Amino acid sequence: MATPLGSDGLRALYRKMATIRAFDARMRKGLAAGEFSFNYWPVEGQEAISAAVGLCLAPTDRLVTTYRCAADAIAKGVPLSFVGKLLLSL
């Protein structure tokens with residue numbers, strides 16, 4: 001059964017979506033400029049999916065993701081610096 005998010009929950013969802021979008025935009029900009037090079041699948045337009053799933057998961061829940069993993073990791077609470085370092089190490 002769905003639980004209403006309330007205004008605090010909606011703000012948290014929006015903040016997570018905005019963070020994912022900003023990260024995605026930065027990755028695409030860096031790739032286009034040749035600043036770095038790795039396989040990256042953009043998530044633009046799908047931020048709400050990862051953000052909503054992230055809000056539904058408990059801190060101890062595990063998440064298995066596929067090829068658009070950056071947004072899922074960010075939504076789960078992995079620090080942006082770690083996600084960036086992980087992508088750059090590929």
Side-chain angles (χ1 to χ4, degrees):
M1 184 169 158
T3 303
L5 288 175
S7 58
D8 289 341
L10 290 173
R11 275 191 286 279
L13 179 62
Y14 180 80
R15 276 193 299 277
K16 194 61 75 173
M17 288 170 46
T19 300
I20 292 168
R21 179 168 282 227
F23 181 88
D24 183 62
R26 177 64 182 100
M27 290 294 106
R28 288 183 287 114
K29 180 181 175 184
L31 288 165
E35 185 178 346
F36 33 78
S37 176
F38 51 82
N39 289 332
Y40 180 74
W41 291 268
V43 297
E44 184 176 24
Q46 301 178 35
E47 302 90 344
I49 298 165
S50 295
V53 168
L55 284 178
C56 292
L57 295 174
T60 56
D61 287 342
R62 295 179 185 218
L63 175 68
V64 176
T65 185
T66 57
Y67 59 96
R68 297 190 194 270
C69 61
D72 296 333
I74 294 166
K76 184 71 169 88
V78 175
L80 292 174
S81 60
F82 183 77
V83 176
K85 287 178 188 177
L86 180 63
L87 288 173
L88 291 172
S89 70
L90 298 176

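Worth saying up front: this structure is predicted, and the values here are computed from it rather than measured.
A donor-acceptor pair under 3.5 Å is formed between the side chain of E47 and the backbone N or O of G45.
Of all non-hydrogen atoms in L31 and S37, the two that sit nearest each other are CD2-CA, 4.0 Å. Here the closest heavy-atom approach between residue A52 and residue L13 is recorded as N-CD1, 3.6 Å. The shortest non-hydrogen separation linking D24 to P42 is OD1-CA, 3.3 Å. Shown here for V83 and A73, the closest heavy-atom pair between the two residues is CG2-CB, 4.1 Å. The heavy-atom pair separating K76 from A58 by the smallest distance is NZ-O, 3.0 Å. Nearest heavy-atom pair, A51 versus I20, reported as atom, atom and distance to 0.1 Å: N-CD1, 4.1 Å.
To the nearest 0.5 Å, atom CD1 of residue I74 and atom CZ of residue R21 are 13.0 Å apart. How far SG of C56 is from CG of L5: 7.5 Å, rounded to the nearest 0.5 Å.
Both L55 and M17 are part of a single hydrophobic cluster, where members link through side-chain heavy atoms under 4.5 Å apart. F82 is connected to V43 through a chain of hydrophobic side-chain contacts under 4.5 Å among Ile, Leu, Val, Met, Phe, Trp and Tyr, so both are in one cluster.
The side-chain heavy atoms of M27 and F38, taken from C-beta on, include a pair separated by under 4.5 Å. Between L80 and T19 the shortest side-chain heavy-atom distance falls below 4.5 Å.
Atom CZ of F36 is surrounded by more than 12 heavy atoms from other residues, nucleotides or ligands within 6.0 Å.
Between D8 and R11, at least one side-chain N (NZ, or NE/NH1/NH2) sits under 4.0 Å from a carboxylate O, which counts as a salt bridge.
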